[in-house]
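Naming convention: chains lettered A, B, ... in sequence-line order (proteins, then strands); numbering from 1 in each chain.
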There are 2 protein chains.
Amino acid sequence: MPPRAPRLSASARRASIIDAGRFVFARRGYEATSVEEIAERAKVSKPVIYEHFGGKEGLYAVVVDREMDYVVRRISEAIAQGEPRERLEHGALAFLTYVKDHPDGFAILAHDAPAAGGGMLSLLSDLGERVSEVFTAAFKAGGYDARAAPIYGHALVGMVTFVGQWWTTVRKPPIEEVATHIAALAWMGLRHLPKRPTSIRNRPR
Amino acid sequence: MPPRAPRLSASARRASIIDAGRFVFARRGYEATSVEEIAERAKVSKPVIYEHFGGKEGLYAVVVDREMDYVVRRISEAIAQGEPRERLEHGALAFLTYVKDHPDGFAILAHDAPAAGGGMLSLLSDLGERVSEVFTAAFKAGGYDARAAPIYGHALVGMVTFVGQWWTTVRKPPIEEVATHIAALAWMGLRHLPKRPTSIRNRPR
DNA sequence: GATGAAACCTACGCGTCCGTAGGTAGAAGG
DNA sequence: CCTTCTACCTACGGACGCGTAGGTTTCATC
């Protein structure tokens, strides 16, 4: 008989199951994850998970929620103060720091939610929405076309997340450098943006 | 007995199965897709699919390959000639046109590949790699830091794909307008990029 | 040391899904 | 009319995964 692991309090057990869930969900994706694998990793039997989270979907919801909360909090802190450009770079750096330090959480957010119900394509589109709101306010104040603000908001988030995904495979150069480049690109792009961009297709040579 | 559907030639049947497969894979994702649902939609029985494609994974591979080929061809054509900025905007427009006209294909490319084996996070990272190569050449020629080129390459692809995902949910404004905005952002950003971007963190106030 | 609750287990029912075995129906050529 | 080839079918084996029923161990408290 293998030596029984010590019993844990309810909340401690919850935490260890969440950790295991994040680990497995990140690698296999929601659909391909089996509750049994999570149980095995958390060194518990299946019913414990059902006891605490009601099922696979319940656990997934908790994991996602926690992760989402964490990123949003971190980014909010980072862009809370400073000049605009500073806030931009700090925001990018905060996100990339999350990518670096919590790759499993990032993988989950970047992947798809459970296909059922027809939710959003990616959890991150929610983040894009928030950034878009910030941009809409700024565009109105600056005399730009507010209708176009979501384009830039989502472009920014897409930029950072996609580079983040790439970075996790290469892990080089250091994220500080990456953040600097991205911030420079976005800042220069926004800074020199015409009030009403026109297509080169509508301009004669 | 329901009137039997007319028999099809092997290649015609293949095509109809590919269509059905793309449809279902796009909505459910790879894991959650059942071969039976594809068969049902293609109005065939399961063994026909196994006859033609060897199995679920085989069909998926064919669908992805076809889609990937199509996008790459379209973008290549779009950026084949013209001034740099023209090529940029035409490339973005070509991609967004694909998103608009082939939403199912786009959904598949944007989602995850079969988790098994540990392939790439998204099929689109492959596209990011190609763009990065173009950027690397251009950076070398222009005296910029070539090591940073992949950052910009992936940033660009991320920008466009993420905006594309958002656009599919809103379908507004018209893609031509979206392409113009994105191209303006990217162009202005790249145009005014310092040779060696420095972090604002390293500069005194 | 009894009692009760909380943590945890083994074992199974039930559905679903992949892939295949083995046979039928229609067309093409002798 | 008969053979044969190709498209296509029904029906099933085997595996796996979700969620639950019902019992067992540990711990605190009286």
Side-chain angles (χ1 to χ4, degrees), chain A residues 1-64 112-117, chain B residues 1-64 112-117:
Chain A
M1 237 185 286
R4 278 283 176 89
R7 292 185 126 199
L8 263 56
S9 76
S11 67
R13 190 51 89 190
R14 272 179 73 92
S16 86
I17 291 173
I18 289 175
D19 282 348
R22 182 173 39 227
F23 182 90
V24 180
F25 280 132
R27 280 141 237 266
R28 305 241 184 277
Y30 177 79
E31 301 287 353
T33 292
S34 81
V35 176
E36 230 167 61
E37 186 173 353
I38 297 174
E40 194 176 337
R41 187 170 180 84
K43 297 203 203 339
V44 214
S45 66
K46 263 196 302 175
V48 179
I49 291 178
Y50 285 87
E51 195 69 30
H52 280 294
F53 301 96
K56 186 179 171 179
E57 202 154 355
L59 173 58
Y60 183 78
V62 171
V63 171
V64 164
D112 311 339
Chain B
M1 234 184 283
R4 277 286 175 85
R7 293 184 127 199
L8 264 56
S9 76
S11 67
R13 190 52 85 191
R14 272 179 72 91
S16 87
I17 291 174
I18 289 175
D19 283 348
R22 182 174 40 228
F23 183 91
V24 180
F25 280 133
R27 281 142 234 266
R28 307 242 184 275
Y30 177 79
E31 302 286 352
T33 293
S34 82
V35 176
E36 232 167 60
E37 185 172 355
I38 297 174
E40 193 176 338
R41 186 169 180 84
K43 296 203 205 334
V44 215
S45 66
K46 262 194 305 174
V48 178
I49 291 177
Y50 285 87
E51 194 69 31
H52 280 294
F53 301 97
K56 187 179 173 180
E57 201 154 357
L59 174 57
Y60 183 78
V62 171
V63 170
V64 165
D112 312 339

Query raised in the report: Looking only at heavy atoms, which two atoms of A/Phe53 and A/Ile18 are closest? And how far apart?
Result: CZ-CG1, 3.8 Å

**Report entry** Atom pair distance, as rounded to whole Å: CD in B/Glu40 and C1' in D/dC9
**Finding:** 15 Å

**Report entry** Carboxylate-amine/guanidinium proximity below 4.0 Å for B/Arg28 and B/Glu37
**Finding:** yes

Report task. For B/Arg14 and D/dT6, give me the distance from atom CZ to atom P, rounded to whole Å. Result -> 16 Å

Requested in this report: To the nearest 0.5 Å, tell me how far B/Lys43 NZ sits from B/Ile17 CD1.
Outcome: 13.0 Å

Report task. Could you check how far CZ of A/Phe25 sits from C1' of D/dG17, rounded to whole Å? Result -> 13 Å

**Report entry** B/Phe25 and B/Tyr30 aromatic ring geometry - parallel, tilted or perpendicular at 30°/60° bounds
**Finding:** parallel

Query raised in the report: So which heavy atom on B/Glu31 is nearest to which on B/Lys56, and how close?
Result: O-NZ, 3.3 Å

Query raised in the report: Considering all heavy atoms of both residues, which atom of B/Ala42 and which atom of B/Ser16 are nearest to each other, and what is their separation?
Result: CB-O, 4.1 Å

Report task. Using whole Å, report how far CZ of A/Phe53 lies from P of D/dC18. Result -> 15 Å

Give me, pair by pair, the N or O atoms of the protein and of nucleotides 6-8 of chain C that are less than 3.5 Å apart, along with how far apart they are.
residue	atom	partner	partner atom	Å
C/dA7	OP1	A/Ala10	N	3.3
C/dA7	N3	A/Arg7	NH2	2.5
C/dC8	OP1	A/Leu8	N	3.2
C/dC8	OP1	A/Arg13	NE	3.1
C/dC8	OP1	A/Arg13	NH2	2.8
C/dC8	OP2	A/Arg13	NE	3.2

**Report entry** Contact summary for B/Thr33 and B/Ile38, nearest pair of heavy atoms
**Finding:** CG2-CD1, 3.7 Å

Report task. For each nucleotide in nucleotides 17-23 of chain C, reading 5' to 3', give B when a protein heavy atom comes within less than 4.0 Å of its base, S when such contact involves only the sugar-phosphate, and - otherwise. Result -> SBBBB--

Query - salt bridge (charged side-chain N to carboxylate O under 4.0 Å, His left out) partners of B/Lys46, counting only residues at least two apart - result: B/Glu36

